[in-house]
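Just below is one structure, and these are the notes that go with it.
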Amino acid sequence: MKKGRTKRDLAEQVRDDIRDFKKKSGADRLIMIWCGSTEVFLAPGEVHQTMKCFEQGLDKNHNDISPSMIYAYAALKEASHSPTAHPT
């Protein structure tokens, strides 16, 4: 379990993990799969409208940014493909 002062801190820790894994494994490309538990649906809000709004939300620990969104953000920033897998 990652700990950080802000959701941005958590995203940066995930980005570090992605970079470290890519370097240690020698992989050219990565595919990431979110296998966390099902989250409560969050209707898109202002924090989801632009990257700038989202990143400000990360800094402010916005309640409408879920763990899967942090994971997807980190994957996208590191240019990894991040499909979502969840139970139906």
Side-chain angles (χ1 to χ4, degrees):
M1 176 79 68
K2 300 207 177 296
K3 297 181 191 286
R5 188 177 57 79
T6 67
K7 291 181 179 186
R8 166 96 65 179
D9 292 339
L10 300 176
E12 291 304 320
Q13 290 174 45
V14 175
R15 290 182 71 191
D16 288 342
D17 289 346
I18 295 167
R19 286 189 293 266
D20 288 346
F21 177 81
K22 192 171 182 180
K23 182 178 179 181
K24 288 177 185 175
S25 71
D28 293 328
R29 299 179 298 167
L30 301 177
I31 295 175
M32 298 174 59
I33 300 174
W34 171 256
C35 294
S37 62
T38 303
E39 296 173 341
V40 174
F41 174 75
L42 295 173
E46 188 175 325
V47 74
H48 306 113
Q49 298 306 307
T50 66
M51 185 61 74
K52 181 178 179 181
C53 289
F54 189 83
E55 289 177 337
Q56 288 172 344
L58 288 172
D59 293 332
K60 295 177 181 177
N61 291 322
H62 199 288
N63 287 335
D64 288 341
I65 297 177
S66 66
S68 62
M69 291 177 197
I70 294 169
Y71 185 88
Y73 170 82
L76 291 169
K77 291 301 266 189
E78 293 304 316
S80 299
H81 184 65
S82 180
T84 300
H86 56 84
T88 55

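A donor-acceptor contact shorter than 3.5 Å is absent between the side chain of Gln13 and the backbone of Lys2.
In terms of the side chain to side chain donor-acceptor pair (under 3.5 Å) criterion, Asn61 has no residue partners (sequence neighbours excluded). The side chain to side chain donor-acceptor pair (under 3.5 Å) search around Asn63 returns none, not counting sequence neighbours. When the side chain to side chain donor-acceptor pair (under 3.5 Å) test is applied to Lys22, no partner is found at least two apart in sequence or on another chain. Residues meeting the salt bridge (charged side-chain N to carboxylate O under 4.0 Å, His left out) test with Asp16, sequence neighbours left out: Arg19.
Sequence neighbours left out, not one pair with a member in residues 31-46 passes salt bridge (Lys or Arg N to Asp or Glu O under 4.0 Å). Residue pairs meeting the salt bridge (Lys or Arg N to Asp or Glu O under 4.0 Å) criterion with at least one member in residues 47-65, sequence neighbours excluded, are Arg8-Asp59, Glu55-Lys77.
Cluster partners of Leu42 are Leu10, Val47, Met51, Phe54, Leu58, Ile65, Met69, Ile70, Tyr73, counting Ile, Leu, Val, Met, Phe, Trp and Tyr whose side-chain heavy atoms approach within less than 4.5 Å, directly or via other members.
Among all heavy-atom pairs drawn from Ala74 and Ala11, the shortest one is CB-O, 3.8 Å.
Note that the NZ atom of Lys23 and the CD1 atom of Ile18 stand 16.0 Å from one another [nearest 0.5 Å].
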